[in-house]
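These notes are about the structure you will find just below.
Just so it is clear, the values below take in all heavy atoms, side chains as well, and ignore hydrogens, waters and symmetry mates. Per chain, numbering begins at 1; letters A, B, ... match sequence-line order. Model, not experiment: these values are computed from the prediction.
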Number of protein chains: 2
Amino acid sequence: MPEISPTIGIGELARRAGCKPETVRYYERIGLVGDASRTEGGQRRYGEEAVRRLTFIRHARDFGFSVDAVRELLAMSDQPDMPCQEVDAVAKHHLEEVESRLQRLSALRDELRRMVSQCAGGKVESCRIIEVLSDHQLCISEAAHKGAHDLG
Amino acid sequence: MPEISPTIGIGELARRAGCKPETVRYYERIGLVGDASRTEGGQRRYGEEAVRRLTFIRHARDFGFSVDAVRELLAMSDQPDMPCQEVDAVAKHHLEEVESRLQRLSALRDELRRMVSQCAGGKVESCRIIEVLSDHQLCISEAAHKGAHDLG
DNA sequence: CTTGAACCTGTAGTTGCTACAGGGATTATG
DNA sequence: CATAATCCCTGTAGCAACTACAGGTTCAAG
């Protein structure tokens, strides 16, 4: 598979992968993508392979993988003969994190909903939102709404 | 209500509000909390009001409000006679953000689950995780798993 | 050959803290 | 009163993961 000579500039690469030129240069600086070939004038030129790699990176980032995790995934995908247990492990670990974030976030949503529904347009003085946020006993994701008003 | 003279140090204040002294000094620097009174030796001393304010800030932050949003909330709570429409608006806006984050996150979770379940221990070559992340068509939260391999 | 868009490097800013280094203040104990 | 153990001070630099300039160069089209 003869890689045709790199012809697209950093702007188009970025556009096709869904990010900005600055981001590409940043990824180059931190070594997520290799150094691009350059024109005589010193401008970067890329081929399709770069588009694929950058797209991979952007998707992984959109999926919430950290740059370090992406680095691992890239290293693994560069070795196609490796069994994919490690890939799986990275994804599983990430899945766990996502699930715990989801739990906390939905607890937060419930609390915010209750706040909003209880703020019926009175004065700030008696605003439940302010009150809840001021509450000393409040502890997010547990006991957030049980026995809130039996103190003081 | 006579505010008794400020007696606690920054460490205890931080502990009681659930953060670190550095964070308190940071909040002072960015103007979220006012300048504390000082001992002759120059150490900060706080009273109960500071504990309440800092607790409020910490809770709001834990709830995911940005520092700017907290600033708004504080400004509003400092004016108890104001109708709480604006407080409500800030909370509602935040609720919307949380709900959209939740949606994206749960789409992500579904995708990760599918990834993980489809990676049955083959080689990286044929790993669905890598494949999905490389997929040009992939668009998070829609069409994430249809028609993946038709690009040269 | 000229224009204008795209590109270059390097540095600094963003958010919300956290972690030092290298001192001084306060407090508890002997 | 001396001393040790904490606490606290300022100032700076670091973290993630970019983003946004400034001030200059190159490229592609007309």
With a non-hydrogen cut-off below 4.0 angstrom, is [X] in contact with a base, only sugar-phosphate, or nothing?
{"X": "A/Arg58", "value": "sugar-phosphate"}
{"X": "A/Arg38", "value": "sugar-phosphate"}
{"X": "A/Arg25", "value": "base"}

Using whole Å, report how far [atom1] of [X] lies from [atom2] of [N].
{"X": "B/Tyr26", "N": "D/dC8", "atom1": "OH", "atom2": "C1'", "value": "21 Å"}
{"X": "A/Ile30", "N": "D/dA16", "atom1": "CD1", "atom2": "P", "value": "9 Å"}
{"X": "B/Asp62", "N": "C/dG16", "atom1": "CG", "atom2": "C1'", "value": "13 Å"}
{"X": "B/Leu13", "N": "D/dC7", "atom1": "CG", "atom2": "P", "value": "15 Å"}
{"X": "B/Arg71", "N": "C/dC17", "atom1": "CZ", "atom2": "P", "value": "12 Å"}
{"X": "A/Lys20", "N": "C/dA6", "atom1": "NZ", "atom2": "C1'", "value": "16 Å"}
{"X": "B/Arg61", "N": "C/dT15", "atom1": "CZ", "atom2": "P", "value": "11 Å"}
{"X": "B/Glu28", "N": "D/dG11", "atom1": "CD", "atom2": "P", "value": "11 Å"}

**OP:** Nearest-nucleotide wise, let me know which of A/Arg45 and B/Pro21 is further upstream toward the 5' end of DNA chain D.
**Re:**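 So the residue in question is B/Pro21.
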Subject >> Comparing B/Ile10 and B/Arg29 on DNA chain D - which has the more 5′ nearest nucleotide >> reply: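 Taking each residue's closest nucleotide, the earlier one in sequence belongs to B/Ile10.
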Side chain of [X] only, please: which of [options] is the nearest?
{"X": "A/Gln43", "options": "D/dC8, D/dT19, C/dC7", "answer": "C/dC7"}
{"X": "A/Tyr27", "options": "D/dC7, D/dC27, D/dC18", "answer": "D/dC18"}
{"X": "B/Thr23", "options": "D/dT19, C/dC17, D/dC9", "answer": "C/dC17"}

**OP:** Using a strict 4.0 Å threshold on nitrogen-to-oxygen distance, state whether A/Asp78 and A/Arg53 make a salt bridge.
**Re:**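 Here A/Asp78 pairs with A/Arg53 in a salt bridge, since their nearest N and O are under 4.0 Å apart.
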Subject >> Salt bridge flag under 4.0 Å for residues B/Arg58 and B/Asp62 >> reply: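 Here B/Arg58 pairs with B/Asp62 in a salt bridge, since their nearest N and O are under 4.0 Å apart.
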Original post:
Mapping A/Glu22 and A/Gly9 to their closest nucleotides on DNA chain C, which lands nearer the 5' end?
Top reply: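 Nearest-nucleotide comparison on DNA chain C picks A/Gly9.
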Subject >> First encountered from the 5' end of DNA chain C, between B/Gly42 and B/Asp68 >> reply: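 The residue whose closest nucleotide sits nearer the 5' end is B/Asp68.
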Original post:
Side-chain N or O of A/Arg44 less than 4.0 angstrom from OP1 or OP2 on D/dT26?
Top reply: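 No, A/Arg44 has no side-chain N/O under 4.0 Å of OP1/OP2 on D/dT26.
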Original post:
Does A/Thr39 put a side-chain nitrogen or oxygen below 4.0 Å from OP1 or OP2 of D/dC27?
Top reply: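 The answer is yes; a side-chain N or O of A/Thr39 sits under 4.0 Å from OP1 or OP2.
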Subject >> Backbone N/O of A/Phe65 and side chain of A/Arg61: donor-acceptor pair under 3.5 Å >> reply: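 Confirmed, A/Arg61 side chain pairs with A/Phe65 backbone.
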Original post:
When rounded to the nearest 0.5 angstrom, what is the spacing between OH in A/Tyr46 and CG in A/Leu13?
Top reply: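 Nearest 0.5 Å value for the OH-CG distance: 6.0 Å.
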Original post:
Side chains of A/Arg52 and A/Thr55: does their closest heavy-atom pair fall under 4.5 Å?
Top reply: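 Not in contact.
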